[in-house]
Protein chains: 2
Amino acid sequence: MDAALRPYDIGSTQWYVLYQLAHHGPTMQRDLLRMLQIERATLSIVVGALVRKGLVEQVPDTIDRRQKRLQMTVAGTKLWGELPDLTFIRSVAFDGIDQAEIATAIKVLQTATGRLDELLRQGTDT
Amino acid sequence: MDAALRPYDIGSTQWYVLYQLAHHGPTMQRDLLRMLQIERATLSIVVGALVRKGLVEQVPDTIDRRQKRLQMTVAGTKLWGELPDLTFIRSVAFDGIDQAEIATAIKVLQTATGRLDELLRQGTDT
DNA sequence: GATTTTTTGTTTGCTAGCTAGCATAATTGT
DNA sequence: ACAATTATGCTAGCTAGCAAACAAAAAATC
């Protein structure tokens with residue numbers, strides 16, 4: 001993804017933010033957190049980069065002024081239209097592999113990461 | 001890994017370098033590159049951190065003075081002895097999962113990453 | 001109604017990855 | 001023997017992750 005996006009000076013996480021805004025419209029920054037599964041501080045940096053480049057606007061909510069609503073600018077919408085389709089990456093990686101084996105791989109990884117998340121969660125709380 | 005190593009101010013890649021030196025003795029920095037599968041520049045930073053902390057020594061080779069031999073210092077060996085055993089992480093993640101399913105997951109992921117590596121390799125050469 | 005706690009976002013400082021470009025040393029070609 | 005190429009490592013500048021500490025606003029408590 002990074003290699004494909006490099007010509008556009010966009011990183012993969014920045015791409016995910018744009019994807020979200022392009023497909024689901026303006027979004028609260030706090031809601032993006034849950035969608036992208038990253039930390040507040042990280043998202044702050046990523047959004048900052050997009051704002052700096054003029055691709056995204058950050059508007060404080062009128063009701064809850066702590067929260068910020070993110071929306072694409074005209075320049076952002078234009079760039080999004082020019083970005084290449086990245087689904088070919090998934091095709092290259094997985095096309096032709098047995099569907100059942102992919103399902104097994106997903107199950108194994110979800111189990112493992114779930115257990116590790118749980119382990120971390122406990123370690124943090126205690 | 002990072003959570004377990006944090007009390008010792010050691011990152012996971014730094015741990016891998018120490019592991020290598022602890023188990024296989026002094027190693028040329030260029031050989032570590034292949035073992036850790038990271039870029040020259042990245043390893044340079046990681047090794048720099050270890051040298052700065054006095055855990056590893058970087059000695060220019062007498063025959064080829066470009067190359068640098070890495071070896072643990074006394075302080076490094078001491079710290080290595082104090083680090084916790086990290087194999088519990090693998091146990092937490094995978095214990096009890098069907099061995100055949102794990103093998104399938106590994107196969108799927110190796111195929112996918114292999115294909116993507118190949119794709120990147122071509123893109124870089126052209 | 002005033003105080004405390006929680007939520008949201010930012011900043012700072014770290015690890016770790018990358019590319020590009022540089023210097024130096026070694027090797028290869030002519 | 002000298003010139004050109006290759007190999008090794010470093011620095012600079014970037015993305016992206018994290019934790020800790022902070023400010024501001026909102027919500028909860030007393």
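Predicted model, so just to flag it, every value in this text is computed and none were measured. Letters go in sequence order (proteins before strands), and every chain restarts at 1.
- Phe88(A) and Leu119(B) make their closest contact through CE1-CD2, 4.0 Å (heavy atoms, listed as atom of the first residue, atom of the second, distance).
- The shortest side-chain heavy-atom distance between Lys68(B) and Asp61(B) does not fall under the 4.5 Å cut-off.
- Here Thr13(A) contributes atom OG1 and Leu5(A) contributes atom CG; the two are 10.5 Å apart, rounded to the nearest 0.5 Å.
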Reading nucleotides 7-15 of chain C 5' to 3', which nucleotides get B (base under 4.0 Å from a protein heavy atom), which S (sugar-phosphate only), which -?
-> BBBBB---S

For residues 22-39 of chain B, dump all side-chain donor-acceptor pairs below 3.5 Å to protein atoms at least two apart in sequence or in another chain.
from     : atom 1 : to       : atom 2 : distance (Å)
His23(B) : ND1    : Tyr19(B) : O      : 3.0
Thr27(B) : OG1    : Gly25(B) : O      : 2.9
Gln29(B) : OE1    : Gln58(B) : NE2    : 2.8

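- Rounded to a whole Å, the OH atom of Tyr16(A) is 15 Å from the C1' atom of dG17(D).
- Remark: Arg65(A) is in phosphate contact with dA26(D), judged by side-chain N or O atoms under 4.0 Å from OP1 or OP2.
- Nucleotide dC18(C) holds its P atom 11 Å from the CG atom of Asp117(B), rounded to whole Å.
- For the pair Leu32(A) CG and dG17(D) P, the interatomic distance rounds to 13 Å; values are reported in whole Å.
- To the nearest angstrom, C1' of dT8(D) lies 13 Å from CZ of Arg34(B).
- Residue contacts shown for Ile63(B) are limited to sugar-phosphate atoms, with no base heavy atom under 4.0 Å away.
- In this structure, Tyr8(A) places its OH atom 18 Å from P of dT15(D), rounding to the nearest Å.
- Residues Val108(B) and Asp98(A) form no side-chain contact, since every pair of their non-hydrogen atoms from C-beta on lies 4.5 Å or further apart.
- Between Gln37(B) atom CD and dC18(C) atom C1' the separation is 15 Å, expressed in whole Å.
- Here the straight-line distance linking atom CZ of Arg69(B) with atom CG of Leu21(B) works out to 11.5 Å at 0.5 Å rounding.
- Distance Leu120(A) CG to dG17(D) C1': 14 Å, rounded to the nearest Å.
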